[in-house]
2 protein chains.
Amino acid sequence: MGTDTLSQIFFALSDPTRRKILELLAGGEKSAGDLSKPFSMSAPAISRHLKVLEQAALIERKVDAQWRRCSLKPEGLMPADNWVSQYRKFWADRFSTLDDYLKDIQKKGSSTDE
Amino acid sequence: MGTDTLSQIFFALSDPTRRKILELLAGGEKSAGDLSKPFSMSAPAISRHLKVLEQAALIERKVDAQWRRCSLKPEGLMPADNWVSQYRKFWADRFSTLDDYLKDIQKKGSSTDE
DNA sequence: CTTTTAATTAACTGATTAGTTAAATACATT
DNA sequence: AATGTATTTAACTAATCAGTTAATTAAAAG
């Protein structure tokens, strides 16, 4: 994976469960248990996803009695956003919106993608 | 990793060698051999990194005699950019620039990071 | 003080990753 | 036709990942 900040962030984002967790936390603070419920996955599995997100500085876990109060640290995404932004100028010429792009790739490779 | 588009893109970006390759390609089309030179890594290793980037639709490889002409497909980053952009509003309040954020985290956790 | 609740850590398994060297492919050059 | 060049594929290894169940920790509640 690489141990630098950007690698950790992008790696954390490369899993659908972890992205979903971030989306849930965008709705406000939640306990580890709350975060487990929407997934058909054991609590330890979620716990380790939370650790990955925490180490990437994308969330924060505060101990509150036997609960872990998890909250989003959206500013943790800034390095990733900044890295990607280097490339915006390249695509801005040809595609003005994501929809443009998605239509374009659907037109071409019409395989069973997402 | 997950097999959906976003997972593939973020996973591709989670490796420093692959990010470096994209940066090299931002300077213009290069052969697989050209791309190998800056790295202390075998050609097959680079070849597989290129495959990961190609499958994530971040680069294109065209066959030209015994060369593979690799070029950046920056628009492949659009889905990632779009996903991250959901969170911009959250950090925009507190941090206006990446530097603000980097200074902030240096101030606090002054451990041996990166 | 015993039980219940919330969550993590430990130990394990199977799959995937990132690298290696050696072999194969494909085209260019002589 | 034989050799050299560019690159990928094959086969292998060591490390990491994502999940599981069982055990542990820590605090709340009775």
Look at B/S47 and D/dT7 and indicate whether a side-chain polar atom (N or O) is within less than 4.0 Å of OP1 or OP2. no
Atom NZ of A/K89: over 12 foreign heavy atoms under 6.0 Å: yes
For a quick test of reading the model, state the closest non-hydrogen atom pair linking A/C70 to A/R61 and the distance between them. SG-CG, 3.7 Å
For the residue pair A/F95 and A/K103, establish whether any side-chain heavy-atom pair is separated by less than 4.5 Å. no
For residues A/S31 and A/W67, report the shortest heavy-atom separation together with the two atoms involved. CB-CD1, 4.2 Å
For A/F11, which contact category applies under a 4.0 Å heavy-atom criterion: base, sugar-phosphate, or nothing? sugar-phosphate
Between P on D/dT7 and CD on B/E54, what's the gap in Å once rounded to a whole number? 14 Å
Does a donor on one side chain and an acceptor on the other come within less than 3.5 Å for B/R68 and B/S47? no
side-chain N/O B/K51 vs D/dT9 OP1/OP2, d < 4.0 Å: yes
Figure out the CD1/P separation between B/I46 and D/dT7, and round it to whole Å. 12 Å
From CG of A/D15 over to C1' of D/dT16, roughly how many Å is that when rounded to an integer? 14 Å
Is any side-chain heavy atom of B/D34 closer than 4.5 Å to a side-chain heavy atom of B/L24? no
Which of parallel (below 30°), tilted (30 to 60°) and perpendicular (above 60°) describes A/F10 and B/F10? parallel
Contact list for DNA chain D against residues 57-72 of chain A - heavy-atom distance below 4.0 Å: A/A65, A/Q66
Sorted by number, residues from residues 18-38 of chain B placing a heavy atom under 4.0 Å from DNA chain D are B/S31, B/A32, B/G33
Within-4.5 Å side-chain heavy-atom neighbours: A/N82 and A/P79: no
Can you work out whether A/M1 or A/L50 has the more 5'-proximal nearest nucleotide on DNA chain C? A/L50
Value in whole Å for how far the P atom of C/dA7 lies from CE of A/M41: 17 Å
Ignoring backbone atoms, test whether A/H49 places a side-chain nitrogen or oxygen under 4.0 Å from the OP1 or OP2 oxygen of D/dC17. no
N or O in side chain of A/S42 less than 4.0 angstrom from D/dG19 OP1/OP2: no
If you measure from CG on B/L50 to NZ on B/K30, what distance do you get to the nearest 0.5 Å? 12.5 Å
